[in-house]
Amino acid sequence: MSVEKSKQGKNKFNLFDKTSRMASHTLRITQNPNTFDPENSREIVEEIRTAAIRIHILCWRANDIKVPETNNREQITARMKLQYEALRYCTDLKALINLAKPLYHLSGKRVKYWMSMVKEVQILISNWKESDRSRIN
């Protein structure tokens, strides 16, 4: 039996859907030679792509760490380190998008949408990290 949509809680898999969508969006738009000229600041495009991919992978790695109900400090700490690193990559990605805006003449609308995807992922990771922090015995 399914739960009514209004009574459903936030599913942690929502995070992985969001990181996947954000990384896919990033890869897709940075492959467009009409927007991201391959001859102009190639290093920045690679940094942008790497950051988006790292965020997704770090979240998967963190989720792969199983946390027992008791004596979980070591597992939670390892998981939180990965979450923290993913959060740092979110900050880096936002800075890189901000840098790419004038370099590639990106529209404000495109940047706003892209940044909102990253910010949403950042908030979900932060909430996940805080939830894990409360589980430390």
Side-chain angles (χ1 to χ4, degrees):
M1 188 160 123
S2 63
V3 177
E4 192 177 311
K5 182 117 178 138
S6 64
K7 295 180 182 178
Q8 291 176 355
K10 292 237 178 190
N11 186 331
K12 70 179 174 182
F13 293 109
N14 187 35
L15 168 65
F16 304 113
D17 180 53
K18 299 290 184 182
T19 61
S20 176
R21 288 175 190 259
M22 182 268 305
S24 297
H25 176 77
T26 300
L27 295 174
R28 198 171 25 262
I29 67 170
T30 56
Q31 287 174 345
N32 182 347
N34 296 327
T35 304
F36 288 88
D37 178 12
E39 299 304 315
N40 185 17
S41 303
R42 202 172 326 174
E43 303 82 11
I44 292 173
V45 173
E46 285 307 312
E47 288 283 331
I48 288 170
R49 298 179 91 197
T50 298
I53 293 167
R54 296 295 300 157
I55 292 164
H56 184 67
I57 290 172
L58 287 165
C59 288
W60 273 96
R61 284 183 186 168
N63 190 58
D64 202 37
I65 297 173
K66 304 301 176 223
V67 179
E69 291 300 317
T70 58
N71 300 322
N72 60 11
R73 182 173 294 277
E74 187 177 319
Q75 289 89 345
I76 291 283
T77 302
R79 194 150 109 167
M80 287 176 64
K81 284 180 183 178
L82 292 168
Q83 292 163 339
Y84 178 74
E85 192 175 350
L87 287 169
R88 285 185 43 220
Y89 273 105
C90 287
T91 300
D92 293 353
L93 182 54
K94 291 191 310 187
L96 289 162
I97 293 168
N98 187 57
L99 182 59
K101 183 180 180 189
L103 272 176
Y104 295 102
H105 310 288
L106 301 177
S107 72
K109 185 178 176 181
R110 173 172 277 182
V111 170
K112 184 177 179 180
Y113 175 73
W114 197 4
M115 285 279 207
S116 71
M117 291 180 88
V118 179
K119 185 171 174 94
E120 185 176 12
V121 164
Q122 195 171 27
I123 290 167
L124 289 169
I125 296 168
S126 183
N127 290 345
W128 181 28
K129 188 169 134 289
E130 288 307 311
S131 173
D132 279 353
R133 183 187 314 271
S134 68
R135 294 172 59 185
I136 294 177
N137 290 335

Does Leu99 belong to the same Ile/Leu/Val/Met/Phe/Trp/Tyr cluster as Val111, with side-chain heavy atoms less than 4.5 Å apart forming each link? yes
Looking only at heavy atoms, what is the nearest atom pair of Lys66 and Asn63, with distance? NZ-O, 3.8 Å
Minimum side-chain heavy-atom gap Met22-His56 below 4.5 Å: no
Distance col, row Arg42:CZ vs Glu47:CD, nearest 0.5 angstrom, shows 14.0 Å
With a 6.0 Å cut-off (strictly less than), is the heavy-atom count around CD of Glu74, excluding the residue itself, greater than 12? no
Could you pull out the closest heavy-atom pair between Ile48 and Ala100, with the gap in Å? CD1-CB, 4.0 Å
Backbone N/O of Tyr113 and side chain of Ser116: donor-acceptor pair under 3.5 Å: yes
Does some side-chain heavy atom of Arg133 sit less than 4.5 Å from a side-chain heavy atom of Glu130? yes
Can Leu15 be reached from Ile65 by stepping across I, L, V, M, F, W or Y side chains whose heavy atoms are under 4.5 Å apart? yes
Just wondering, do Ser126 and Lys129 contact through their side chains at under 4.5 Å, heavy atoms? no
Could you give the distance from CZ (Arg79) to SG (Cys59), rounded to the nearest 0.5 Å? 10.5 Å
Donor-acceptor pair, distance only, cut-off 3.5 Å: does the side chain of Ser131 make one with the backbone of Asn127? no
Are Ile44 and Trp114 linked, directly or through other ILVMFWY residues, by side chains that come within less than 4.5 angstrom of each other? yes
Applying side chain to side chain contact (heavy atoms under 4.5 Å, CB included) to Met115 and Asn98, what does each step give before you reach the verdict? CA-CA 9 Å; Met115 285 279 207; Asn98 187 57; 4.1 Å; yes
Say whether, by atom type as modelled, one donor and one acceptor occur between the side chain of Thr35 and the main chain of Asn32 under 3.5 angstrom. no
Interatomic spacing from NE2 in His25 to CD1 in Ile29 - rounded to 0.5 Å: 4.0 Å
Transitively linked via ILVMFWY side-chain contacts under 4.5 Å: Leu103 with Val118? yes
Show which side-chain atoms of residues 84-97 pair as donor or acceptor with protein atoms under 3.5 Å away, not counting sequence neighbours.
{"residue": "Thr91", "atom": "OG1", "partner": "Leu87", "partner atom": "O", "Å": "3.3"}
{"residue": "Thr91", "atom": "OG1", "partner": "Gln122", "partner atom": "NE2", "Å": "3.2"}
{"residue": "Lys94", "atom": "NZ", "partner": "Gln122", "partner atom": "OE1", "Å": "2.7"}

Student check: side-chain heavy atoms of Leu124 and Lys18 closer than 4.5 Å: yes
According to the interplanar angle, ranging from 0 to 90°, do the rings of Trp128 and Phe16 count as parallel (below 30°), tilted (30 to 60°) or perpendicular (above 60°)? perpendicular
Answer whether the closest heavy-atom distance between the side chains of Asp132 and Gln83 falls below 4.5 Å. yes
Separation between CZ of Phe36 and CZ of Arg49, rounded to the nearest 0.5 Å: 10.0 Å
Flag yes if Met80 and Ile57 sit in one hydrophobic cluster, no otherwise; membership is Ile, Leu, Val, Met, Phe, Trp, Tyr, and two members link when side-chain heavy atoms are under 4.5 Å apart. no
Find the distance between NZ (Lys81) and CD1 (Ile76) and round it off to the nearest 0.5 Å. 13.0 Å
Under a 4.5 Å cut-off applied to non-hydrogen side-chain atoms, are Ile55 and Ile125 in contact? yes
Spacing of CG belonging to Asp17 relative to OG1 belonging to Thr19, to within rounding of 0.5 Å: 8.0 Å
